[in-house]
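Everything on this sheet refers to the single structure shown next.
Below, chain A is the first sequence line, B the second, and so on; all start at residue 1.
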Amino acid sequence: AQEKVTVGVLRFVSSGGLFLAVEKGYFKDEGLDVELKFFEAAQPIALAVVSGDTEFGVTAFTAGFYNLAGKGALKVIAAQAREKKGYEGNLVLASNAAYEKGLTSLDKLSGKSVGITQVGSSFHYQMGQIAAANGFALKSVELKPLQSLPNMVASIKSGQVDAIIIAPHLAKPLAASGEAKLIGRVSDVTEYQFGGLFTSTKMTTDKRATVEKFVRAYQKGAEDYAKAFLAKDASGNIAHAPDSDATAALVAKHVYPSEEPAQAAAKVKGAAFFVDEKARLDVADILTQVQWLKDEGLVDASVDAKAILDLSFIDGHINAN
Amino acid sequence: MQLIADHIAHAYGPLPVLDDISFTVGPGEVVAIVGPSGCGKSTLLRILGGLEKPQAGRALVAGAPPAASLNPLTFVFQDFALLPWRTVEGNVRLVLEGHGLSQAVVAETIRDVLARTGLTDFARAYPKQLSGGMRQRVGIARALAARPAVLLMDEPLSALDAQTRELLMDDLVELVSGEGSAEALGMVYVTHNLDEAVRLADRILVLSRRPGRVRETVTVAGDRRARRSDDPELVRRARELWELIRADAAEADRELADVETING
Amino acid sequence: MQLIADHIAHAYGPLPVLDDISFTVGPGEVVAIVGPSGCGKSTLLRILGGLEKPQAGRALVAGAPPAASLNPLTFVFQDFALLPWRTVEGNVRLVLEGHGLSQAVVAETIRDVLARTGLTDFARAYPKQLSGGMRQRVGIARALAARPAVLLMDEPLSALDAQTRELLMDDLVELVSGEGSAEALGMVYVTHNLDEAVRLADRILVLSRRPGRVRETVTVAGDRRARRSDDPELVRRARELWELIRADAAEADRELADVETING
Amino acid sequence: MADVAHDLRPAATADNRPVTFRGGLFLPRTHRLVGFAALVALILLWQAASSFGWMSPVLAPSPGEVIDALKRMALSGELATHLSASLVRLAGGFAIGGTAGIAFGMAIGLSSLVRSPGATLVAALFPIPKIALLPLFILWFGIGESSKVATIAFGTFFPMVIATYGAVDNVDRSLVRMGRSFGLSSFAIISKIILPGALPGILSGMRIASSIGIVLLIAAEMIGANEGVGAMVLAAGNLMQSDRLLAGVVVLSLLGLTVAGVIGAVEKRLLAWR
Amino acid sequence: MADVAHDLRPAATADNRPVTFRGGLFLPRTHRLVGFAALVALILLWQAASSFGWMSPVLAPSPGEVIDALKRMALSGELATHLSASLVRLAGGFAIGGTAGIAFGMAIGLSSLVRSPGATLVAALFPIPKIALLPLFILWFGIGESSKVATIAFGTFFPMVIATYGAVDNVDRSLVRMGRSFGLSSFAIISKIILPGALPGILSGMRIASSIGIVLLIAAEMIGANEGVGAMVLAAGNLMQSDRLLAGVVVLSLLGLTVAGVIGAVEKRLLAWR
Ligand SMILES: Nc1ncnc2c1ncn2[C@@H]1O[C@H](COP(=O)(O)OP(=O)(O)OP(=O)(O)O)[C@@H](O)[C@H]1O
Ligand SMILES: Nc1ncnc2c1ncn2[C@@H]1O[C@H](COP(=O)(O)OP(=O)(O)OP(=O)(O)O)[C@@H](O)[C@H]1O
Ligand SMILES: [Mg+2]
Ligand SMILES: [Mg+2]
């Protein structure tokens with residue numbers, strides 16, 4: 001009989017590896033009957049893993065996640081998406097009004113208002129990195145937490161904020177229609193581990209075999225994802241593999257369950273973040289993240305970043321020393 | 001000002017309650033209306049006062065009301081209709097508000113009508129704290145305060161003991177004739193107390209059982225100020241009236257007349 | 001079953017309303033209570049029926065109520081207290097529910113009391129659709145349905161015309177004496193109508209103005225079934241009673257007695 | 001007996017005028033059609049707003065687009081799935097919250113023992129946002145149906161308590177005294193006098209609570225829900241599918257209208273005596 | 001006059017027994033202290049729950065920790081900043097939503113013209129979750145104070161409308177008729193008869209609406225707010241700082257108690273006649 005496990009996840013393309021592993025039966029091959037539990041916010045996923053309602057979770061790293069994991073109940077065991085130069089990544093948009101007043105590049109963000117989703121979110125961290133790279137203090141930027149992507153879009157369009165950092169599938173149409181101006185890419189400034197696969201500490205000790213099986217299947221999914229969407233040709237442009245449309249359709253089933261398959265698949269291809277083919281974590285970046293968040297007072301000083309990670313399930317995590 | 005009932009008829013759905021009622025009442029006149037329970041007396045008053053639209057006929061007024069009148073056609077309701085959240089005083093004040101009266105006039109009017117109805121000590125009590133008869137007296141006090149041209153009174157003394165009733169009837173007699181500075185006023189007086197009817201009325205309309213129809217109009221002659229409750233002549237008139245009504249009662253025992261029922 | 005008022009006294013806050021009232025009423029007896037408006041009659045009834053706790057004295061019962069009685073001490077309220085969301089029939093049914101009576105008995109009882117009070121045609125009407133007198137009769141019908149041992153009636157016929165009142169008084173007389181199969185019952189009868197008092201009562205308690213105190217107890221002799229409203233002897237007794245009361249009224253004109261006021 | 005006259009009708013004088021009718025009792029009538037027309041007007045306004053660009057088309061598509069989205073969802077069977085999932089949660093949560101709320105509200109309205117602690121706790125707990133308590137809900141009720149039903153039950157419980165005890169406080173105590181005087185049991189008094197007397201207020205509270213229940217579908221379906229109108233609205237928001245988002249809003253709104261219609265019908269039946 | 005007796009007191013027989021008192025009218029009393037005790041009990045229960053591990057310490061800290069967090073926030077002045085920001089929004093939003101809600105509810109309750117369209121639109125719009133419409137709010141009201149006040153105003157408007165028209169429907173029309181009969185103007189009838197008559201229901205609605213207003217601080221302060229109790233709770237939730245989150249919840253709860261206390265005091269004064 002198959003062992004039942006559930007995974008909490010959001011409907012994002014960046015979790016595509018997981019969806020592929022499900023669709024292609026990699027979990028079944030490992031003897032796991034995986035049920036996907038879709039959430040509409042990241043927070044409850046981590047909570048559900050802590051409370052034991054789901055065995056695994058895949059989400060972005062936030063200050064909140066680190067705070068929760070820092071209490072010892074969670075372990076990050078593999079990677080999700082990553083910000084990598086040359087691949088899709090978050091973009092910085094300026095409102096038309098601000099652009100006209102001279103906000104044309106990232107170094108001019110000082111003194112401007114910037115919309116982010118939430119305090120301690122990836123956008124918040126990325127704004128910090130942009131500030132550091134451009135030599136101004138984050139404090140000189142007025143951060144506006146707006147909670148949701150629709151709110152961010154509404155704010156930039158109506159000029160309520162001067163700039164936002166936002167995912168490419170939303171940024172591009174805005175820039176294309178002239179409702180906002182693209183002024184930079186986050187990946188030009190920093191590479192960044194967005195999120196990961198995590199489970200409860202109890203699982204890593206009590207049900208190690210299950211976790212190992214899960215990770216193996218998960219890695220296969222990640223590999224398929226990387227092959228389909230991330231291959232590059234000689235000139236450094238993304239060269240989609242011939243079967244990428246079929247692969248994208250599999251991912252789209254979970255990300256855009258309600259949309260027409262062809263259209264949805266195209267959206268998936270256009271929004272494919274970089275995912276490591278072996279689902280390896282950028283360990284050094286995570287340590288940097290936690291340190292920065294601690295410095296900002298967003299993560300509790302008592303949190304030990306290394307203790308959050310369990311690197312024993314995958315060999316060769318990046319920057320692990 | 002005269003109030004005129006002009007061939008008034010009314011029905012509630014299939015239930016006819018009033019049939020072709022006509023009469024007139026003017027200043028210094030009292031028309032008493034007596035009749036069996038449920039024959040339409042309260043309905044008639046409501047129609048006369050413009051609170052209900054008759055199905056046929058009209059309520060009319062002729063002549064101007066006295067200038068000082070705050071509310072020419074004024075009711076004393078059978079169920080009192082007091083505002084439970086206002087004190088006795090507040091209930092009376094209600095009808096004085098919005099007429100641009102000075103504070104002093106308002107206070108004096110309230111003092112006067114409460115004294116006349118024996119409620120001075122209870123000016124600040126809420127209706128809930130009053131006895132049944134006291135509530136009824138608040139309704140009377142309020143009506144007096146409005147300085148009516150015609151008073152439409154629906155069993156106004158029914159909850160009062162004989163002596164209080166005597167005193168208030170004396171008061172009403174004075175009011176109608178316009179004693180002192182006040183102007184005379186008209187009164188339509190619904191009652192089931194025949195002694196009251198003969199004591200106060202110029203004309204007594206005896207209604208039949210539902211649908212109410214004027215069976216007889218009895219005229220009581222003589223100055224009402226000279227009448228006394230124990231006047232043998234009045235007692236005799238009341239007895240006569242009673243015989244008249246009893247004949248009707250014998251005719252159709254209990255309320256089993258062949259009217260359409262309200263049921264269903 | 002006997003109902004005993006044992007030196008009952010009561011006050012609302014600073015306002016004394018009853019002072020040392022004692023009497024007894026048993027099966028086949030009617031005690032009438034008359035007195036000025038606001039002297040505490042309704043309060044006394046409430047105390048007798050256990051709805052209010054007296055400040056001094058006690059209400060007592062002696063002997064067992066008849067087995068068939070659903071509610072030994074039963075009220076007819078001055079303000080009727082009908083449930084507006086129940087029809088006439090439903091209001092009567094209320095007091096029959098929860099006694100394990102068969103459907104047939106309930107239906108028969110309702111039919112009977114509605115017929116007695118002349119409400120048969122209005123069984124399915126809501127209180128809002130009734131005239132004042134009809135509402136009062138629903139209160140009486142409901143009380144009769146409860147098969148009381150002692151009826152506590154608070155001006156039960158005040159809203160009724162003379163002929164309906166006559167008919168219902170005849171009914172009450174029968175009830176008290178236990179005509180037919182029924183057991184005799186006792187009655188405390190608050191009224192301001194002296195004719196009613198002499199027509200129905202064995203003893204009439206004449207209360208003084210507030211605080212109510214028994215000024216006189218008038219005994220009316222003779223079989224009440226033989227009494228007629230126009231009996232000259234009864235008329236004489238009523239006139240005597242009236243003189244008695246008037247003397248009190250003259251003594252202290254209007255309600256300006258030196259009682260603590262309820263104000264403030 | 002003298003002086004009998006059968007018609008005292010006066011000669012009509014020029015001066016006669018009808019008594020002014022003053023019986024208007026502010027008893028407004030309900031017209032289903034007018035209500036429907038108001039909805040149509042709202043949709044037309046919305047159409048105008050998107051035609052004239054008062055609402056950005058990205059954020060708020062036109063009614064036509066939303067109806068298209070609705071049609072697609074209806075045809076694919078998706079709508080039925082979402083709606084049935086939400087209806088079960090709503091019905092369950094409102095049944096629990098409503099019943100418990102009425103019972104507790106009655107207790108607060110009737111018993112000195114319950115009143116002070118009960119009313120205080122309600123005042124203290126009602127203002128706590130459900131969203132802030134999601135972690136605890138997950139802990140206590142898991143991420144299955146029970147946490148969703150619990151969210152709605154909690155959300156509808158408090159307004160029902162307040163509406164009920166307000167309504168009970170307002171029941172005419174002289175009717176209660178009447179019931180006592182006829183020896184009715186406390187249970188009979190509560191069920192036959194106080195409950196019907198409080199019914200108008202309770203039904204009014206139900207209108208409010210049911211709407212709150214529908215609003216809370218969103219909060220409830222934040223936690224691990226794949227199906228449900230709230231989950232769909234949330235997902236559509238995350239994916240910036242504003243046509244689907246507004247389609248979901250329209251569905252919630254129709255749901256609200258249906259529930260209000262049902263309560264209105266119940267009211268009409270039970271409060272016919274007014 | 002014959003047969004006068006002044007004392008008819010019977011010989012006390014063994015059989016005599018007092019008439020059973022049956023005057024209990026279900027009029028519960030309010031005791032401030034008992035209410036306070038209930039709160040203390042709640043906190044003790046919470047303490048017990050965290051001591052005995054019924055609540056995971058990861059998700060729900062003990063009362064002690066929360067009080068510590070509150071103390072820190074109070075000392076640093078942070079609490080005052082958040083509280084004053086929220087109070088301004090709450091007061092503004094509730095003042096607008098409450099007043100408009102009472103006015104519109106009165107109109108629905110009084111006018112045939114308004115009733116059907118008004119009640120229908122309220123039933124259709126109330127169940128729409130504010131969160132789903134935040135983007136439109138941003139478009140219309142910006143991300144400054146006005147969108148926050150508007151969120152609370154909208155949220156409190158609808159329950160006030162429903163409570164008000166329910167209460168108006170329930171006002172005894174025979175009192176209105178009395179007012180008419182004394183020639184009172186419609187305005188006087190509305191302000192002196194209908195409004196006071198509907199007051200109990202309106203106050204009950206205010207209890208509900210004010211609590212909803214406090215709950216909505218969260219939704220309101222979702223948009224670009226750095227200050228405010230709601231914003232603090234949200235940020236604490238995002239950062240998983242459960243001590244600060246619960247501190248915020250405690251503040252909201254105290255706010256709710258205060259508002260309920262004020263309404264209770266007003267009620268006591270205005271409804272003394274009951
Ligand atoms: N609930 C109450 N609170 C305060 N005072 C009250 C209350 N009920 C009655 N009273 C007062 O007690 C006195 C007696 O009232 P009660 O109703 O017993 O009079 P009553 O004799 O029945 O008068 P009536 O013949 O007018 O009905 C009155 O002065 C009244 O104001
Ligand atoms: N709103 C109403 N709807 C339906 N029927 C009504 C309504 N009001 C009164 N009726 C009916 O009209 C008839 C006359 O009622 P009305 O109140 O005029 O009688 P009344 O002569 O005043 O009686 P009473 O002396 O008992 O007060 C009654 O049969 C009553 O049932
Ligand atoms: Mg009448
Ligand atoms: Mg009385």
TODO: Check the surroundings of atom CZ in E:Phe94: do more than 12 heavy atoms from other residues, nucleotides or ligands lie under 6.0 Å from it?
DONE: yes
TODO: Would you indicate whether D:Phe21, at its atom CZ, is surrounded by more than 12 heavy atoms from other residues, nucleotides or ligands within a distance under 6.0 Å?
DONE: yes
Pick from [options] with the largest number of heavy-atom pairs that fall under 4.5 Å of chain D:
{"options": "E:Leu113, E:Val215, E:Ile214, E:Asp172", "value": "E:Val215"}
{"options": "E:Gly201, E:Gly166, E:Pro200", "value": "E:Pro200"}
{"options": "E:Gly256, E:Ser253, E:Gly237, E:Ala163", "value": "E:Ser253"}
{"options": "E:Leu217, E:Asp169, E:Ile212", "value": "E:Asp169"}
{"options": "E:Ala37, E:Ser181, E:Gly213, E:Ala167", "value": "E:Ser181"}
{"options": "E:Gly24, E:Gly205, E:Ala236, E:Gly23", "value": "E:Gly24"}

Task: Shortest non-hydrogen contact from D:Ala132 toward E:Val249 - done: CB-CG2, 3.9 Å
Open item on the list: Quick check: closest heavy atoms across D:Pro117 and E:Val34, and the distance to 0.1 Å?
Closed with: CD-CG1, 3.4 Å
Open item on the list: Taking D:Leu27's backbone N and O only, do any of them form a donor-acceptor pair with E:Arg115's side chain (distance below 3.5 Å, no angle check)?
Closed with: no
Taking the side chain as every heavy atom from C-beta outward, state whether [X] and [Y] have any atom pair closer than 4.5 Å.
{"X": "D:Leu252", "Y": "E:Ile128", "result": "no"}
{"X": "E:Leu110", "Y": "D:Pro28", "result": "no"}
{"X": "D:Arg274", "Y": "E:Asn170", "result": "yes"}
{"X": "E:Phe26", "Y": "D:Met106", "result": "no"}
{"X": "E:Leu125", "Y": "D:Leu42", "result": "yes"}

Going from [atom1] on [X] to [atom2] on [Y], what distance comes out if it is rounded to the nearest 0.5 angstrom?
{"X": "E:Leu136", "Y": "D:Leu246", "atom1": "CG", "atom2": "CG", "result": "6.5 Å"}
{"X": "D:Phe182", "Y": "E:Arg22", "atom1": "CZ", "atom2": "CZ", "result": "9.0 Å"}
{"X": "D:Ile263", "Y": "E:Ile162", "atom1": "CD1", "atom2": "CD1", "result": "8.5 Å"}
{"X": "E:Ile208", "Y": "D:Phe158", "atom1": "CD1", "atom2": "CZ", "result": "12.5 Å"}

Which bit of [X] comes within less than 4.5 Å of chain D, counting heavy atoms only: side chain, backbone, both or neither?
{"X": "E:Ile108", "result": "backbone"}
{"X": "E:Leu234", "result": "neither"}
{"X": "E:Leu257", "result": "both"}
{"X": "E:Ser210", "result": "neither"}
{"X": "E:Ile218", "result": "side chain"}
{"X": "E:Ser111", "result": "backbone"}

Just give me the residue among [options] that pairs up with chain E most often, heavy atom to heavy atom, under 4.5 Å.
{"options": "D:Ser174, D:Ala209, D:Ser116", "value": "D:Ser116"}
{"options": "D:Arg177, D:Arg180, D:His31, D:Arg207", "value": "D:Arg180"}
{"options": "D:Ser112, D:Ser204, D:Ala38, D:Ala260", "value": "D:Ser112"}
{"options": "D:Ala123, D:Gly264, D:Ser211", "value": "D:Ser211"}
{"options": "D:Val176, D:Ile189, D:Leu216", "value": "D:Val176"}

TODO: Please look at D:Leu203 and chain E and tell me whether the side chain, the backbone, both or neither of the residue comes under 4.5 angstrom of a heavy atom of that chain.
DONE: neither
